[in-house]
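All figures in this text were calculated on a predicted structure; none of them were measured in a lab. Sequential numbering from 1 along the given sequence is applied to the chain's residues.
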Amino acid sequence: MSATPSDPGPSRSRSWWGWGYADAHPGDAECVAMGALLPGTRPHPLPIPQVADLAIGRPAVTPPASLAHLVGADPDVRAAHAMGKAYRDVIRALRVRPGRIPDLVARPTDDQEVADLLDWAGEQGVAVVPFGGGSSVVGGVEYRGDTHRAVLSLDLTSMDRVLEIDTAGRSARIQAGALGPVLEGQLRPHGLTLRHFPQSFEFSTLGGWLATRAGGHYATGRTHIDDFVQSMNVVTPAGVSTSWRLPASGAGPSPDRLFLGSEGALGVITEAWMRLQERPRHKASTSVAFAEFHEALDAVRAIAQSDLVPANCRLLDSGEALLSGASHDGSAVLVLGFESATAPVDDRLGAALAMAHAHGGRGGTVTTDRATTADSAVGHWRSAFLRMPYLRDGLARMGAVVETFETAATWDRIPGLIDAVRTEVGAAAVKATGHPATINCRLTHVYPDGAAPYFTVAVAGRPGEEIEVWDDIKAVAGDVLHRHRATITHHHAVGRDHRASYDLQRPEPFAKVLRAAKEALDPHHILNPGVLVD
């Protein structure tokens, strides 16, 4: 069965310099109010940067006539494809120092056009940076260096259709450039969903999720995009790799595993068969408060090791709970949620709630899909979760350094890891700025054998040297994670910002294999240079 794109609705302008929609950013007064909460920030916000203020030169190359209709050099479009949405990117834009802006932006519509663009780029020594929604927060969609004569941003968002739906097998063949809402809009009439909702859902694509092994909103069960893949189609300079569509296979190393998480360094993911689910009909959620964070950790571990499989099992420390409005009395808060397409979930939620109470939790009024959560801790958290990236950009305008980093480790290491991050990263922030930092933690995903802590660090920066402060904090955080054998990233990817830590984490024999794969698939070394492997 084929599917056609649905009407995306009214168009809103995306911010070229910061997160999300341009009209959703905090105004100057809100920025000042937020800055007042961090001693040492600016009295007035930095002005919103304009593309006209950037030094955007003429492209260093001209595409051949056969490709000219796919390629553009409009300054606004080039600026919007120059960086991702990390703090480093936002502050560089605010300081009007965005780095190297791509010479050209291409928008192919099929595999052959992707292949033709890669052939031309290889012949001309043009770096190619695959680009979906541009939501990378690890330096994954920009070019750093000067070894290529020009840079082409390869925007896949014109390839955004659900091409086939297999309702019997609950799966669909989907083009990689489909943004989250566009993808779900085409599945909704069939009563199906991919059920993958990262925080960047509105502003990221299927191809981006696959290339970065993205994690979704759901806290247990199928947490990563890997779990939904049946097969993938990848265009490389050495040819097209198309894996068989199978429910499972034991035939050697999986070809899909080579490209999942490859971040555009080995090929351009153009489409994939993805496992779908029926849309949920039954939902229930609640929140539980804990006076002691270590008791909350024990409760979460017990729930993760049960067979309940909550959709949401997100633990907020007291600072995170306060920031989101989920709690105002110094409590940690556990947000629990269950959903199902086939049966009520109240009993499962009740069982999880009993486990939480057995470990010192209190409260927990159940809300269902028929009730509003606007005044509940669950509702406050959900609103804050979606608003947070915009607030980060507002704080950046006030000269604050705001860093988020996420990781995963086994349960035996989690308490010590969280304590070390709070202590050592906090000390690094004071040393770099002279100001105390706010450091909050939440568990975003939980597993029977471990959890994924997500940290937010906010501190007033040194005026004009915010990136240097960010680098100092990032380096200390990476060292802490490495010493505790916690991964450098659970779902944000490696990019360029995590590259040094990734090199330490991966085994050297695997690094040799990765370098050999790069040489075989990308002999001209044009694909996203500097990501994952040299």
Counting only N and O atoms by type, is there a donor-acceptor contact under 3.5 Å from the side chain of Asn528 to the main-chain atoms of Gly264?
no
Verify, without hydrogens or angle tests, whether Asn233 (side chain) and Glu271 (backbone) share a donor-acceptor contact under 3.5 angstrom.
no
Is Asp497 paired with Arg88 through a side-chain N to carboxylate O contact shorter than 4.0 Å?
yes
So does Asp103 get a backbone contact from the side chain of Arg78, meaning a donor-acceptor N/O pair under 3.5 Å?
yes
Tyr218 vs Glu339, test: side-chain hydrogen bond (donor to acceptor under 3.5 Å, both in side chains). Steps then yes/no.
CA-CA 10 Å; Tyr218 294 98; Glu339 64 178 43; 3.2 Å; yes
To the nearest 0.5 Å, what is the distance between CZ (Arg144) and CZ (Arg100)?
14.0 Å
Backbone of Gly72 reached by a side-chain donor or acceptor of Arg107 within 3.5 Å:
no
Heavy-atom donor-acceptor pair, Thr205 side chain to Gly132 backbone, under 3.5 Å
no
Arg499 and Asp503 ion-paired at < 4.0 Å
yes
Taking all heavy atoms of Leu183 and all of Val162, pick out the closest pair and write down the distance.
O-CG2, 4.2 Å
Give, for atom CD of Gln230 and atom CG of Asp166, the distance between the pair rounded to the nearest 0.5 Å.
7.5 Å
Backbone of His491 reached by a side-chain donor or acceptor of Glu406 within 3.5 Å
yes
Can you name the nearest heavy-atom pair linking Thr193 to Arg195, along with the distance?
OG1-N, 2.9 Å
Might you confirm whether atom CG of Asp146 has over 12 heavy atoms from other residues, nucleotides or ligands at distances under 6.0 Å?
no
Quick one: pull up CH2 in Trp209 and NE2 in His224 and give me the separation to the nearest 0.5 Å.
14.0 Å
Taking NZ, NE, NH1 and NH2 as the nitrogens, is one of them in Glu263 or Arg496 under 4.0 Å from a carboxylate oxygen of the other?
no
Find out whether Leu210 and Asp256 are in side-chain contact, i.e. whether some heavy atom of one side chain is under 4.5 Å from a heavy atom of the other.
no
Charged N-O contact under 4.0 Å between Arg279 and Glu184
yes
Under the 3.5 angstrom rule, does the side chain of Asp393 hit a backbone N or O of Tyr390 as a donor-acceptor pair?
no
Output yes when a side-chain donor or acceptor of Lys85 lies under 3.5 Å from a complementary backbone atom of Ser136, and no otherwise.
no
Please check if the side chain of Ser243 supplies one atom and the backbone of Met232 the other of a donor-acceptor pair under 3.5 Å.
yes
Please evaluate residues Arg442 and Ser324 with respect to the criterion side-chain hydrogen bond (donor to acceptor under 3.5 Å, both in side chains), reporting the C-alpha separation (whole Å), side-chain torsions for both, the decisive distance (0.1 Å), and the verdict.
CA-CA 11 Å; Arg442 65 181 185 265; Ser324 66; over 6 Å; no
Describe, in one word, how the ring planes of His490 and Tyr447 are oriented to each other, choosing from parallel (under 30°), tilted (30 to 60°) and perpendicular (over 60°).
tilted
Roughly how far, to the nearest 0.5 Å, is CE of Met159 from OG1 of Thr270?
5.0 Å
Ring-ring centroid check His148 His525, cutoff 6.0 Å:
no
Does the distance from a Lys or Arg side-chain N to an Asp or Glu carboxylate O, for Asp226 and Arg257, drop under 4.0 Å?
yes
Please report the closest heavy-atom contact between Ser158 and Thr109, naming both atoms and the distance.
CB-CG2, 4.2 Å
Donor-acceptor pair between Ser171 and Arg245 side chains, under 3.5 angstrom:
yes
Roughly how far, to the nearest 0.5 Å, is the OG1 atom of Thr404 from the OH atom of Tyr87?
12.0 Å
Any salt bridge between Arg92 and Glu142, counting N to O under 4.0 Å?
yes
Locate the shortest heavy-atom distance separating Gly20 from Phe203; write the atom from each residue and the value.
CA-CZ, 3.5 Å
Apply the test salt bridge (charged side-chain N to carboxylate O under 4.0 Å, His left out) to residues Glu30 and Arg387: give CA-CA distance (whole Å), side-chain angles for both, the deciding distance (0.1 Å), then the verdict.
CA-CA 13 Å; Glu30 187 177 359; Arg387 183 67 175 151; 3.6 Å; yes
Salt bridge (charged side-chain N to carboxylate O under 4.0 Å, His left out), that's the test. Do Asp227 and Arg275 meet it? Break it down for me.
CA-CA 8 Å; Asp227 302 320; Arg275 298 181 178 94; over 6 Å; no
Report yes or no: is the cationic atom of Arg222 (NZ for Lys, CZ for Arg) closer than 6.0 Å to the six-membered ring centre of Phe228, at no more than 45° off its axis?
yes
Presence of salt bridge, Asp522 and Lys518, under 4.0 angstrom
yes
